[in-house]
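Quick notes on the structure that follows.
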Amino acid sequence: MHPFRFMGKGYIAMQHKRYVAAANIVPATPDMIARAGAMIAEGRLVAFPTETVYGLGGDATNGHAVAAIFAAKGRPSINPLIVHVPGVAYAQEHAIFDARAEELATRFWPGPLTLILKRKPGSPVCDLVTAGLDSIAIRVPSHPVARALLSAAGGPIAAPSANRSGRVSATTAIHVAEELGARADMILAAGKTTLGLESTILDLSGAYPTLLRPGAVSADEISTIIGEIAVAEGNPDRPNAPGQLRRHYAPATKLRLNAAMADPGEALLAFGPDPFAGRLAKRVLNLSQTGDLHEAAANLFAMLRTLDAGGYRGIAVMSIPYVGLGIAINDRLQRAAAPADDGAEGGEHG
Ligand code: TXA
Ligand code: MG
């Protein structure tokens with residue numbers, strides 16, 4: 001019997017105000033985290049919050065568990081997963097650290113930075129996690145629930161974002177349940193994630209350090225520590241990180257970026273205090289009334305989901321400045337706005 005059959009307190013608000021029980025959502029109490037850790041150790045899948053987005057976690061050393069992650073997401077197995085560990089000493093069991101990696105880990109871990117490093121021979125992480133590459137993506141999350149889960153599970157946790165492949169990442173437990181339903185054996189709920197965008201990915205496995213995905217740790221902050229880095233142009237046909245696929249974080253409704261105002265029939269995803277931009281809109285959500293980029297990043301995926309569910313003709317998105325976190329926000333918006341048949345074919349998209 002499913003051990004959590006009697007614990008279902010979560011309900012998912014579906015479109016059209018229907019409510020569906022999500023029996024696998026549980027509050028992230030110490031007891032539940034302990035159970036979740038045991039489940040991971042048994043090879044089952046647990047969705048959990050991190051400071052960036054929710055992840056779908058499984059034992060990174062268990063091929064069956066990792067295969068189940070790919071199946072749950074509908075993600076092609078050529079697309080590697082990030083391994084989550086409690087600290088740099090654990091990371092060093094799986095990856096080869098040079099001086100740059102050590103300095104970055106010291107400065108940014110725990111936190112929203114994923115490092116791609118050469119894989120260490122003998123690491124027990126299974127090949128499916130790394131998609132057979134000789135590199136490995138690794139990160140040390142700072143979220144207390146993620147950290148407690150890592151210690152309860154007692155081993156490395158492979159965890160992609162807890163969404164179906166090609167869709168917007170989930171920033172609440174309800175959104176995880178909408179995406180994955182019972183494909184996650186358990187969903188640890190701890191509110192809305194604070195950062196709201198996936199981790200920055202820096203590739204240190206090649207000849208030149210390369211930013212594969214912008215995030216809350218900025219390219220400038222990284223450069224301050226290790227000097228100049230390249231920013232991946234991204235070849236949508238041969239992505240190093242599917243974050244590079246042109247269409248990745250994709251709602252079904254068409255997005256119109258850098259809009260000054262909404263056209264009739266559109267919804268508006270606003271940014272800043274302009275009271276007129278939404279006057280023709282069917283619905284207006286504001287990423288940040290005060291123009292705060294951190295607030296905007298934290299709201300982005302949830303608001304895209306809400307507007308996408310409304311069945312509008314389109315979603316007009318006001319322009320977001322290309323500074324600081326605005327770079328990562330614009331990156332996600334551009335991918336979400338790319339035409340559906342462009343770059344999305346045959347690839348996992350996260
Ligand atoms: O914030 C995050 O990073 C979240 C939370 C749950 O930790 N995770 C996440 O995982 O965003 P995912 O699978 O959605 O995105 C991981 C990205 C993918 O684009 C994948 O291709 C890339 O990391 N990646 C993983 N291993 C890689 C490797 N060895 N070389 C290049 N890219 C890699
Ligand atoms: Mg993803």
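Counting convention: from 1, in listed order, for ligands and their atoms alike. Here the structure is a predicted model, which is why all the values come from computation and not from measurement. The residues of the chain are indexed from 1 along the displayed sequence.
Contact check on Arg335 versus Asp331 returns a salt bridge, with a Lys/Arg side-chain nitrogen under 4.0 Å from an Asp/Glu carboxylate oxygen. Of the charged side-chain nitrogens involved, at least one lies within less than 4.0 Å of a carboxylate oxygen, so that Arg119 and Asp127 count as a salt-bridged pair. Taking a cutoff of 4.0 Å between a charged side-chain nitrogen and a carboxylate oxygen, Glu198 and Arg139 do not qualify as a salt bridge.
Less than 4.0 angstrom separates some heavy atom of Arg75 from each of these atoms of ligand 1: 12 (P), 13 (O), 14 (O), 18 (C), 20 (C). Taking every non-hydrogen atom of Glu198 and a distance limit under 4.0 Å, the qualifying atoms of ligand 1 come out as 1 (O), 11 (O). For ligand 1, the atoms sitting less than 4.0 Å from at least one non-hydrogen atom of Ala137 are 25 (C), 26 (N), 27 (C), numbered in the order shown with element in parentheses. Against a heavy-atom cut-off of under 4.0 Å, Ile201 is close to the following atoms of ligand 1: 17 (C), 23 (O). Close approach to Val53 involves these atoms of ligand 1, each under 4.0 Å from a residue heavy atom: 4 (C). For ligand 1 and Asn79, the ligand atoms under 4.0 Å from any heavy atom of the residue are 20 (C), 21 (O). Of all atoms in ligand 1, listed by their number and element, those nearer than 4.0 Å to a heavy atom of Ser199 are 1 (O), 2 (C), 3 (O). For ligand 1 and Gly55, the ligand atoms under 4.0 Å from any heavy atom of the residue are 6 (C).
Using a 4.0 angstrom heavy-atom cutoff, His84 counts as in contact with ligand 1. Put simply, part of Ile116 is less than 4.0 Å from ligand 1, judged by heavy atoms.
Looking only at side-chain heavy atoms (C-beta outward), His84 and Leu150 come within less than 4.5 Å of each other. For the pair Leu115/Phe108, no side-chain contact is recorded, criterion being any heavy-atom separation below 4.5 Å from C-beta on. With a 4.5 Å cut-off on side-chain heavy atoms, Ile96 and Asp98 do not count as touching.
When non-hydrogen atoms are compared, ligand 1 lies under 4.0 Å from the backbone of Ser161 as well as from its side chain.
Listed for the Lys73 side chain is a donor-acceptor partner under 3.5 Å among the backbone atoms of Asn163. Asp59 places no side-chain N or O within donor-acceptor distance of the main-chain N or O of Ala41, the cut-off being under 3.5 Å. Of the possible polar contacts, none joining the Arg283 side chain to the Leu307 backbone as a donor-acceptor pair under 3.5 Å is found.
The closest heavy-atom contact to atom 29 (N) of ligand 1, among the options Pro49, Ser135, Ala146, comes from Ser135. With atom 5 (C) of ligand 1 as the reference point, the heavy atom nearest to it among Thr52, Asn163, Leu133, Val83 is part of Thr52.
Metal site remark for the Mg ion (ligand 2): Ser161 contributes an N, O or S atom at a distance under 2.8 Å.
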